[in-house]
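Data first, discussion second: the structure below is written as structure tokens.
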Amino acid sequence: MVVVEKTPSAFGPLFDSHSHINSEEFDADREQVVSRMRQAGLIGAMVIACDLGEEAKLFEVIDAHPDFLCGAWALHPEYEDRREPTVEEIAAVCADPRIAAVGETGLDYYWCKGDLSWQKERFVRHIEAARMLKKPLIVHAREAEADALEILIDNRAHECGFVLHCYGGDADTARRAVDAGGLVSFTGVVTFKNAGALRDVVKALPLEAIMIETDCPYMAPVPYRGKRCEPALVGEVAKTIAAVKGIEPELVAKTTTQTALRFFHLPACCRTI
Ligand SMILES: [Zn+2]
């Protein structure tokens, strides 16, 4: 595994709205990863568990930094062969105060083919649980953005709030998501040389509708491509968004962090900005 040795220069305040630092890729050096986050100007991060039985480890990771980390849990749309949790089971896990959102849930047409009614039904159950709890949804929609948005609208997801995470769709669908009360979140992919179309989506959206994330350990931004991604690199996403919009990275950092704190209903103690 190739890891980042040097922390990028700090500016902030930054918030990584989607990370998987609970995954085994970080078992050996999670404390150093969190130290680098603080050094890089992050004031917090969302940590997401994607499978049945991963809740205990998620809580263990968050409990080590309760002032800094919050969590989300859902059964990921890529996992077809799992027992389906009921709405009540999802709600029982996500009612925990350490859980700030239900997710990631949604649709994946890239990895999953054929009759995907199971995936849609699972998505609807997660939306129902989120509305019950009044906690926002973190939505994974891969090559399925328009269908996911339709399901979100049909099931009144605006009542709890939703974000289309790791957005890779077109500007029209992104704008419709924002009009429907949602947010759009961008990863390090937006920094890639060949991601001109995605930078056009950034251009088309108001800064207030955008969050930033790493989705680590995947998709390390330029100039860290090929290394293990970690939340300390989320500033690179902010820098690219700033360049696209012709504004200062500090403004992108501050605005996206305020948006994240509001969206995830994070406690007043975190609102130091
Ligand atoms: Zn993810």
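All residue numbers in this chain count up from 1 along the given sequence. In listed order, ligands and their atoms are each counted from 1.
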Practice task
Take Ile210 and Thr259 through the test side chain to side chain contact (heavy atoms under 4.5 Å, CB included) and record every step on the way to the result.
Solution key: CA-CA 8 Å; Ile210 292 174; Thr259 301; over 6 Å; no

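- In this structure, Glu84 places its CD atom where more than 12 heavy-atom neighbours from other residues, nucleotides or ligands lie under 6.0 Å away.
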Practice task
Tell me, with the steps shown, if Arg38 and Asp67 meet salt bridge (Lys or Arg N to Asp or Glu O under 4.0 Å).
Solution key: CA-CA 12 Å; Arg38 295 185 191 270; Asp67 59 330; 3.7 Å; yes

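- Under 4.0 Å is where a charged nitrogen must lie from a carboxylate oxygen, and between Asp154 and Lys120 no such pair does.
- Looking only at atom types and distance, the side chain of Thr173 has no donor-acceptor partner in the side chain of Glu145 under 3.5 Å away.
- Below 30°, between 30° and 60°, or above 60°: for His18 and His165 the angle between ring planes is below 30°, a parallel geometry.
- Around the Zn ion (ligand 1), protein N, O or S atoms at less than 2.8 Å comprise His18 NE2, His20 NE2, Glu104 OE2, Asp215 OD1.
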